[in-house]
Structure formats: structure tokens, C-alpha cells
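Residue numbers count from 1 along this sequence.
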Amino acid sequence: MKKALSLLVFVSFFAFCDQPVPLVIIGSGPAGLSAALYGARAKVKTLVITGSEPGGQLMGSGEVENWPGIQRKSGAEIMDGLFEQTESLGVEFLYDSIESVDFSQTPFMLKTLESGSIKAQAVIIATGSHPRKLHIPGESLYWGSGVSSCAVCDCFLYEGKKVAIVGGGDSAVEEALHLMPYAKKITIFVRKPHMRAAACMQDKLLLYPDKVEVVYTTEVQEVLGDGTVVTGLRVKNNRTQQESVFPVDGLFLAIGHLPCTELFKKHLDLASDQYICLTQRTQSTQIPGIFVAGDVADNRFRQAGVAAGTGIQAALEALEFLR
Ligand code: NDP
């Protein structure tokens, strides 16, 4: 990422010229950059609009063990490699976000927050998703000062403290593993009688029997505090309906994600859960020339490797369209 960030000084000339860019990719996670790789290798001018978090969600993954061909690397290292690889092939980066799109005409029009408008012949949407919130009292008040969705970012704040995690998926386990060297005690609240996390992920928790506890059929109802710091949670057992106060110093949310599709809802068909609908077995949308890659259309797998694969597929479809 260091190298990629040095490109901040570069503002793509495409952003200011009237010529349409053949291939514009919105988003710079594994999906966006894998698509860019294929665009550039086909010698098609490819511009990536990075969004406000270059590298996307994987940047927050401390240890990734399921990226094919790599035994273990941090998410940031993987994304560094992808930025370097795409940059070396001539992909251009614009460190900006898209404010609005007009897909009703060709070339398509993309308005950026800071760099004016861009015309595009083909667009790949790879905007990913963002963490879901509980929407309970106290969550907003203590957001960033006791409530977080990123253990890798905030774990050092919890040295010797008691923390809770909400969620029963792989993210909940991953959050616990990040917190392990710091927190004194970690309690994972799972609303069902079982976790959804992969068995091999759950096994990792068994290595720390004194430190981690999983509490099932329990929902967090309120974040409690003194107005400045979190002091506890009001929790409810959804079987017995019994409520209690559970003292903690911090709460981490690991309850899934919402797709970043707000910009596109007027133009593209969205499913009831707001993910973009694809034409069957393709990465195409109902608009020729608009393609989709990664988590923004994937409510099922949500894996970096899958995102990269769909990025490649979207790029191949876009190249076919451009031809
Ligand atoms: P998931 O959707 O897999 O899991 C979300 C969890 O949060 C579920 O246990 C769900 O419960 C729970 N939940 C949702 N809403 C609430 C709520 N309001 N209150 C309480 N609990 C709630 O999301 P993840 O982020 O864990 O994972 C997303 C994808 O990323 C998955 O495919 C996962 O495999 C992958 N991943 C892989 C990793 C790795 O391999 N290293 C690391 C992290 C993620 P319920 O089951 O009841 O719906």
C-alpha cells in the first residue's frame, strides 16, 4: 500500500479530459484490482477509482490463510502486492470516490467527489460492502470509544481489559484471535444455539479455553457506559427471556455486512437485501457495459478469493463488450 499511496500525488489525466476511458473500475479491493489486472494485460486503458478506503476490507484482516498460493499473509500485504502488480502493468489510480452515476447514456458518466466527471465506455462496480450495525441504544454514542467493528485496528486499546464480540461467523472468530494477545477476557455472544463459523475457525478458539467464552442464544440489547467509556452491556437470553448486565470495557461487532449499492439503486436491479442482481452465471447487469464484481453482488460466499475470481470474470466480460 505504501507504494500505492505514493500515487496520491498522481491525479489521472482521465479525470479531466473529455475522452471516455475504456474501462473504469469503481473500488480497489481484491475484486476491483483483479479486474484491473486483466484490463491492463489486455492493453485496455484501465482506471481504478479507489474509494475512501484503498484496498478495501481485506486491509483490516490481520492474517489471511485462504488466499490461494500463499500460506499466510496479512490482508494489507496481499493488497500491497495487487497494487504493485496492477500499477506495474499501467493501471491508473484515482484516489477519490464516486458521488453519482448516470448509466442512462453512453458513454456512462461518473461524477467524482473531488476530481470532476469521468466518461466511461465500460464500468465494473466493485464497491464491496460495509459492516452491519446492531442499532441498539449506546452503539452510536460509544462508536469509536468502546464500540468498534475492527479488532485489528483497535485491539491495542484493550490491553488487560474485558471485551465482548457479537456474531457467530468467521469474522467473530477472527476478531477474537486479533484480541487474544491483548484482552484479559473475551466473550462472544451468539444469538443462535450454534456458531456459523467454519469448524476449523471454531477450533482455533479451543486453544484459549481460559480466555474465550462463547455464550449462545444471547442478544446484546444496549451498550452501557458513563458517557465517556463503555462499562457493560445489557444482554438478554432469547430462550429464557432473562436480562442481565454484563460488565465489559469494549464491544466488537462481527455481524456481517451491507453491500455498498446506494449509488446504483436508481439504475440497477437490486435484490431485497440490496445486493446487485446479476444476469445468471455472468457478472453482467441489465445494462450492457455495466459489470459487477465482488461482495457488492455476493451475499453468499463473501470471500476475498471469490471476489478476485468474479473481478477477473467481470473484466473478461467487459473486454468482450469493448471489443
Ligand atoms: P456472516 O454473515 O458469516 O456471520 C454473521 C454472524 O452475525 C452470524 O452468526 C449471524 O447470526 C450474526 N448476526 C447477524 N446479525 C445479528 C444481530 N443483529 N445480532 C446478533 N448476531 C447477528 O458474516 P462474517 O462477517 O462472519 O463473514 C462474512 C464472510 O466472510 C463469510 O463467508 C466468512 O466465511 C468470510 N470470512 C472469512 C474469514 C477467514 O477465512 N479468515 C474471516 C472473516 C470472514 P445468525 O447465524 O443467527 O444469522
Side-chain angles (χ1 to χ4, degrees), residues 25-32 34-35 49 51-53 56-61 66 75 97-101 103 123-136 139-140 143 147-150 165-175 188-198 201 217 219-221 238 251-287 290-314 317:
I25 297 166
I26 311 176
S28 57
S34 299
I49 317 290
S52 59
E53 290 168 18
Q57 278 190 75
L58 205 60
M59 294 299 291
S61 274
N66 53 6
S97 297
I98 298 294
E99 187 179 56
S100 63
V101 297
F103 293 159
V123 175
I124 296 177
I125 298 168
T127 46
S129 59
H130 58 80
R132 197 191 290 269
K133 294 189 177 170
L134 285 168
H135 304 292
I136 53 171
E139 184 184 45
S140 308
W143 190 263
V147 182
S148 167
S149 63
C150 182
I165 297 168
V166 187
D170 287 338
S171 297
V173 177
E174 203 176 50
E175 295 291 273
I188 305 178
F189 288 108
V190 180
R191 65 181 173 183
K192 285 195 175 142
H194 52 82
M195 291 187 91
R196 191 193 288 194
M201 292 294 277
T217 63
E219 294 173 32
V220 176
Q221 308 247 293
N238 58 30
L251 172 68
F252 286 83
L253 306 184
I255 57 169
H257 291 82
L258 292 170
C260 302
T261 48
E262 185 63 26
L263 278 176
F264 313 110
K265 67 182 184 193
K266 280 196 208 137
H267 301 271
L268 300 175
D269 292 340
L270 303 185
S272 57
D273 56 6
Q274 304 304 304
Y275 284 81
I276 298 176
C277 298
L278 299 175
T279 307
Q280 226 181 1
R281 292 189 63 76
T282 70
Q283 295 303 125
S284 310
T285 65
Q286 81 266 29
I287 302 178
I290 305 292
F291 304 89
V292 180
D295 285 11
V296 73
D298 177 11
N299 64 353
R300 186 172 171 204
F301 302 111
R302 289 173 295 198
Q303 294 293 301
V306 175
T310 58
I312 292 168
Q313 191 178 331
E317 289 176 32

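A pairwise comparison of heavy atoms in Ala198 and Asp170 identifies N-OD1, 2.8 Å as the closest pair. The minimum heavy-atom distance linking Gly168 with Ala172 is given by the pair N-CB, 4.1 Å. Counting all heavy atoms, side chain and backbone alike, Lys133 lies closest to Leu253 at CA-CD1, 4.0 Å. Closest approach of Gln303 to Asp295, counting heavy atoms only: N-OD1, 4.3 Å. When every heavy atom of Glu175 is checked against every heavy atom of Ala254, the shortest pair comes out as CG-CB, 4.1 Å. Scanning both residues, Ala304 and Pro30, for their nearest heavy atoms gives O-CB, 3.8 Å.
The 12-atom threshold is not exceeded at CD of Glu53, counting heavy atoms of other residues, nucleotides or ligands nearer than 6.0 Å.
Gln283 places no side-chain N or O within donor-acceptor distance of the main-chain N or O of Gly311, the cut-off being under 3.5 Å. A donor-acceptor distance shorter than 3.5 angstrom exists from the side chain of Thr127 to the backbone of Cys260, with no hydrogens or angles considered. The backbone N or O of His135 lies less than 3.5 Å from a partner atom in the side chain of Glu139, making a donor-acceptor pair. When atom types are taken as modelled, the side chain of Thr310 and the backbone of Ala307 share a donor-acceptor pair closer than 3.5 angstrom. For Gln286 (side chain) and His267 (main-chain N/O), a donor-acceptor pair under 3.5 Å exists by modelled atom type. When atom types are taken as modelled, the side chain of Glu219 and the backbone of Arg191 share no donor-acceptor pair closer than 3.5 angstrom.
Residues forming a side-chain hydrogen bond (donor to acceptor under 3.5 Å, both in side chains) with Ser148 (at least two apart in sequence, or on another chain): Asp154.
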Practice item. Verify side chain to side chain contact (heavy atoms under 4.5 Å, CB included) between Phe264 and Ile125, making sure each step is shown before the conclusion. Key: CA-CA 9 Å; Phe264 313 110; Ile125 298 168; 3.5 Å; yes

Exercise for review: Applying side chain to side chain contact (heavy atoms under 4.5 Å, CB included), run through Glu317 and Thr282 and close with a yes or a no.
Suggested key: CA-CA 8 Å; Glu317 289 176 32; Thr282 70; 3.5 Å; yes

Check your understanding: Would Phe189 and Leu251 satisfy side chain to side chain contact (heavy atoms under 4.5 Å, CB included), going step by step from the backbone distance to the final call?
Key -> CA-CA 10 Å; Phe189 288 108; Leu251 172 68; 5.6 Å; no

**Study point:** side chain to side chain contact (heavy atoms under 4.5 Å, CB included) between Ile49 and Ile25, intermediate numbers included
**Key:** CA-CA 6 Å; Ile49 317 290; Ile25 297 166; over 6 Å; no

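Counting heavy atoms from C-beta on, the side chains of Ile26 and Val123 come closer than 4.5 Å. Residues Ser171 and Phe252 have side chains not in contact (no heavy-atom distance under 4.5 Å, counting atoms from C-beta outward). Counting heavy atoms from C-beta on, the side chains of Met195 and Val190 come closer than 4.5 Å.
Between Leu268 atom CG and Cys277 atom SG the span is 9.0 Å, to the nearest 0.5 Å. Between the OG atom of Ser34 and the CD atom of Gln313 there is a distance of 12.5 Å, given to the nearest 0.5 Å. Remark: Leu278 CG to Ser284 OG distance equals 8.0 Å, nearest 0.5 Å.
Using modelled atom types and a 3.5 Å distance limit, the side chains of His130 and Gln57 yield no donor-acceptor pair.
Within the structure, the side chain to side chain donor-acceptor pair (under 3.5 Å) test picks out the following pairs touching residues 271-280 (sequence neighbours left out): Asp273-Asn299.
Checking Thr285, Asp298, Ile290 one by one against Ile276, the side-chain contact (heavy atoms from CB on, under 4.5 Å) holds for a single residue, Thr285. When each of Ile165, Val220, Val166 is checked for a side-chain contact (heavy atoms from CB on, under 4.5 Å) with Ile255, only Val166 meets the rule.
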